[in-house]
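One-based numbering, in listed order, for ligands and for the atoms of each. Computation of the quantities below employed the complete heavy-atom set of this structure, encompassing side-chain atoms and omitting hydrogens, waters and symmetry-equivalent molecules.
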Amino acid sequence: MATEWKVGFIGLGIMGRSMSRHIINAGYQVTVWNRTASKMEEAAGWGARKARSPKEVAENSNLIITIVGDTPDVREVVEGENGVLAGAKPGSVLIDMSTISPDATRQIAARAAEQGVAMLDAPVSGGDIGARNGTLSIMVGGEASVLESVKPVLETMGKSIVHCGPNGAGQTVKACNQILCGLNLLGMVEALAFAKKAGVDLEKMIEVTTRGAGGSWALANLGPRVVKGDLDPGFSVRFQQKDLRIVLQEAERLELPLLGTAAVQQLLRSVQAHGGNEDGTHALIRLMEQLGNVSITPSE
Ligand code: NAP
């Protein structure tokens, strides 16, 4: 018989807020915890129970989902004094959906296994819109049989759920996704600068190249926003830099040079230095405009 999941949900930020709502709406019993307690009121209104700590979430659940910020944040809510592992019963499943280090993920999974808790790393792509619409792409590392057992819960949040391999494989695939996002972003701003300086219509250039071998998500979705001068996130420079740091740290461990990714990370550092930390990643266009002495976004 399929396990009846009592779900615990930790982290009600931009992503977690919408994701938890889908699980509640699907009829699961859900216990939530968020560091800033006021953010739990909304979920309580949707029918969730409120807990006082991640430990209490785990005591009341057999499937615990975390989606917080960075690697140390996951370590704190999982391994801390009042963390998930302080309250989790053997046989429980822990799914971390944050984007964090693959190496740390393997360590946390090993620690969880010591007390009979199976862990999946299940980072997501699709952004706040994908979270809101329940259409996230979820990449999963861990035991395939564990994934099968929790799939109905993941299906409330995502439309693509792919088993990528053992623990850490989900985070590794997410890191690959971030390499591609970074390099496609750079390609998009360079193509726009080139087109502008050469005097061709930017919208026409985007229309044509999006259909060809040079097309990318960044070009199709961020290109038109750049041309209109809309630099709101989307996905913030702050988060992209966190993800590229994870990629470059892992590349260091693998002794793998990633010249393009490192260049994008340094260019985005300059965007941060000019006050663009909370802008969308396509704010990289501002730097390109300075480098090329070319005006691409409409002037204010
Ligand atoms: P967010 O809006 O900044 O929310 C972060 C959440 O984590 C908040 O609930 C925050 O609690 C909690 N948190 C952070 N550090 C914590 C700590 N040390 N202890 C306890 N709770 C902590 O971020 P988000 O956009 O939801 O992103 C969450 C994760 O999803 C990140 O790993 C991000 O990289 C990944 N992700 C985001 C997107 C996106 O488009 N936003 C897309 C794909 C993946 P407070 O409310 O108390 O601050």
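In this structure, the protein non-hydrogen atom closest to atom 35 (C) of ligand 1 is T99 OG1, 3.8 Å. Annotation: atom 32 (O) of ligand 1 to nearest protein heavy atom, G69 O, 2.7 Å. The nearest heavy-atom contact from the protein to atom 33 (C) of ligand 1 is F239 CE2, 3.9 Å. Ranking the protein heavy atoms by distance from atom 19 (N) of ligand 1 puts V77 CG1, 3.7 Å first. Of the protein's heavy atoms, N34 OD1, 2.6 Å lies nearest to atom 9 (O) of ligand 1. Shortest contact from atom 30 (O) of ligand 1 to any protein heavy atom: I67 CD1, 3.5 Å. Nearest non-hydrogen protein atom to atom 40 (O) of ligand 1 is G127 CA, 3.4 Å. T36 OG1, 3.4 Å is the protein heavy atom nearest to atom 45 (P) of ligand 1.
Without hydrogens or angle criteria, D230 side chain to D232 main chain gives a donor-acceptor distance under 3.5 Å. Side chain of N34 to main chain of M40: no donor-acceptor pair is present (N/O by atom type, distance under 3.5 Å, no hydrogens or angles). In terms of modelled atom types and a separation under 3.5 Å, the side chain of T99 and the main chain of P123 share no donor-acceptor contact. No side-chain donor-acceptor contact under 3.5 Å links D121 to the backbone of N167. Here the side chain of K174 pairs a donor or acceptor atom with the backbone of V124 at under 3.5 angstrom.
Look at S125 and you'll find every heavy atom at least 4.0 Å from all atoms of ligand 1.
Counting atoms of ligand 1 from 1 in the listed order, those under 4.0 Å from a heavy atom of S98 are 32 (O). The ligand atoms of ligand 1 that sit less than 4.0 angstrom from a heavy atom of W33 are 20 (C). Here is the list of ligand 1 atoms found below 4.0 Å of a heavy atom in G13: 2 (O), 4 (O), 8 (C), 9 (O), 26 (O). Below 4.0 Å from some heavy atom of E76 lie the following atoms of ligand 1, by number and element: 18 (N). Contact atoms of ligand 1 toward G11: 9 (O) (distance under 4.0 Å to a heavy atom of the residue).
No part of M97 comes within 4.0 Å of ligand 1, judged by heavy-atom distances. At a 4.0 Å heavy-atom cut-off, ligand 1 touches K242 through the side chain alone. The proximity of Q178 to ligand 1, defined as any non-hydrogen pair under 4.0 Å, does not occur for either the backbone or the side chain. The parts of M15 lying near ligand 1 are both backbone and side chain, judged by heavy-atom distances below 4.0 Å. Using a 4.0 Å cut-off between heavy atoms, L12 contacts ligand 1 through its backbone alone, with no side-chain atom that close.
The existence of a salt bridge linking E155 and K151 is excluded, since no basic side-chain nitrogen approaches an acidic carboxylate oxygen closer than 4.0 Å. Here E203 does not pair with R225 in a salt bridge; the nearest charged N to carboxylate O distance is not below 4.0 Å. Using a 4.0 Å cut-off between charged nitrogen and carboxylate oxygen, E289 and K196 do not count as a salt-bridge pair.
Within the set V68, T71, V74, N177, the minimum heavy-atom distance to atom 28 (C) of ligand 1 is found for V68. Compare Q240, M19, R35 by their heavy atoms: the one nearest to atom 21 (N) of ligand 1 is in R35. For atom 18 (N) of ligand 1, the choice among D73, D128, I100 with the nearest heavy atom turns out to be D73.
For the atom pair Q249 CD and L244 CG, the distance stands at 11.5 Å (nearest 0.5 Å).
Between V124 and ligand 1, a contact under 3.5 Å exists for no N or O pair. The shortest N/O to N/O separation between I14 and ligand 1 falls below 3.5 Å.
Here the rule is side-chain contact (heavy atoms from CB on, under 4.5 Å) with V78, and of L85, D73, D96 only L85 fits it.
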